[in-house]
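Note sheet for the following structure.
Reminder, nothing fancy here: chain letters follow the sequence lines and each chain counts from 1. For clarity, every value in this text was computed on a predicted model and none was experimentally measured. Below, all heavy atoms of this structure are taken into account, side chains as well, without hydrogens, waters or symmetry copies.
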Amino acid sequence: MSINYRRLLKEDLDKPCQDLALYLLGKVLVRKLDHNTILKGRIVETECYLGGEDKASHSFNGRRTEANEPMYMPIGTCYVYMTYGMYYCFNISSKEPGAAVLLRALEPLEGMEVMEKFRVQKTKSNNTKSLKIAKLCDGPSKLCIAFDIKKENVNKINLTDLKNDSLWLEDDPFYDDFKVIHSARIGINRAEEWNTKPLRFYILNNESVSKRNKTAERQFEENQFD
DNA sequence: ACGTCGATTAGCT
DNA sequence: GCTAATCGACGTG
């Protein structure tokens, strides 16, 4: 059983979107299920959705609907939405109205047997190859599946702040020695020039990152010599 | 390692 | 009616 660190409070998250996305790297997402089952995963990859000019954001051009309302709510509000008809993504609202941070990948820390159970249930064909632990939450919808964020639970999580009793964030003061890669976002099919902006952040050499950007990593290494 | 494709549903992104 | 901030399966090299 791992140590319980300090829970993050609203004041810890009181930052503009890009600062929040960087701050969240290395922090721990904690989920409490029935029977007191605890799941923990370290946040290793985040993305910013800024609203305003950002065409990839659900809140582009100030668009405000019932669905994207959490993006306009106070810092630390959970925004869960369905994508491609069958998957969910989990976001945390940041300081600016209409902006949020998408959690894209976690490094599993606790409750991996349970995460694997949820992941295996979700895959239809009965392939017997077991999932590597590092790959249990290596994508925005995979982490939702592994953390049991699904249709029946979305209403218990969406719109809530992270002070609720089934989902919260913890600090990990001893995990501070890591390098961060800035890269373009993943899976954006519009937003043209915004596709190239470095709005995705991930921990270098972490096996649970969903997709490496080798060009960005090369540029990072070159800048190390400055 | 990398590209392509089909699945599936709510909101209008 | 159409789209989507994805995933896993399958094919190719």
Report yes or no: do A:Leu29 and A:Leu33 belong to one cluster of Ile/Leu/Val/Met/Phe/Trp/Tyr joined by side chain heavy-atom distances under 4.5 Å? yes
Look at the side chain of A:Thr65 and decide which nucleotide, out of C:dC7, C:dG8, B:dC12, has an atom nearest to it. B:dC12
Using Watson-Crick or G-U wobble geometry with both distances under 3.5 Å, which nucleotide pairs with B:dT8? none
Expressed as a whole number of Å, how far does the C1' atom of C:dG11 sit from that of B:dT8? 23 Å
Without decimals, in angstroms, what is the distance between A:Leu136 CG and C:dG8 P? 11 Å
Rounded distance in Å - NZ (A:Lys135) to P (C:dC7): 12 Å
Could you check how far CD of A:Glu152 sits from P of B:dA10, rounded to whole Å? 12 Å
For C:dG8, does either OP1 or OP2 sit under 4.0 Å from a side-chain N or O belonging to A:Lys142? yes
Gap in Å between the two C1' atoms, one belonging to B:dC12 and one to C:dC7, rounded: 24 Å
Rounded to whole angstrom units, what separation is found between the NZ atom of A:Lys214 and the P atom of B:dA1? 7 Å
Taking only side-chain nitrogens and oxygens of A:Arg104, does any of them come within less than 4.0 Å of OP1 or OP2 of C:dT6? yes
Using the P atom as the point on both nucleotides, what is the distance between B:dC5 and B:dT9, in whole Å? 23 Å
Kindly assign one of parallel, tilted or perpendicular to the pair A:His182 and A:Phe201, based on the angle between their ring planes and the thresholds 30° and 60°. perpendicular
Which value, in whole Å, describes the distance between the P atoms of nucleotides B:dA10 and B:dG6? 22 Å
Across the strands shown, which category fits A:Ile188 at heavy-atom distances under 4.0 angstrom: base, sugar-phosphate, nothing? sugar-phosphate
Partner of A:Asp54 under salt bridge (charged side-chain N to carboxylate O under 4.0 Å, His left out), picked from A:Arg63, A:Lys197, A:Arg185, is A:Arg185
Touch check for A:Tyr84, heavy atoms < 4.0 angstrom, all strands: base, sugar-phosphate only, or nothing? base
Going only through I, L, V, M, F, W and Y residues with side-chain contacts under 4.5 Å, is there a path from A:Phe147 to A:Val80? yes
For atom CG of A:Asn158 and atom P of B:dG11, their distance in whole Å: 10 Å
Nearest to the A:Met82 side chain among B:dT13, B:dT9, C:dC7, which nucleotide is it? B:dT9
Using a 4.0 Å heavy-atom cut-off across all strands, classify A:Asn68 as base, sugar-phosphate, or nothing. nothing
Should the ring pair A:Tyr175 and A:Phe178 be called parallel, tilted or perpendicular, given that the plane angle runs from 0 to 90° and is split at 30 and 60? parallel
d(CG, A:Leu131; P, C:dG8) in whole Å: 8 Å
N or O in side chain of A:Arg63 less than 4.0 angstrom from B:dT13 OP1/OP2: yes
Evaluate whether the aromatic ring of A:Tyr81 and the six-membered ring of the C:dA5 base sit under 5.5 Å apart, centre to centre, with an inclination under 30°. no
Is A:Tyr87 stacked against the base of C:dT6, taking the criterion as centroid distance under 5.5 angstrom and interplanar angle under 30°? no
Side-chain heavy-atom pair A:Lys150, A:Asp148 within 4.5 angstrom cut-off: yes
Is the shortest side-chain N/O distance from A:Lys151 to OP1 or OP2 of B:dA10 below 4.0 Å? yes
Spacing of A:Phe90 atom CZ relative to C:dA5 atom C1', expressed in whole Å: 15 Å
Interatomic distance where CD1 belongs to A:Ile149 and P belongs to C:dC7 [whole Å]: 13 Å
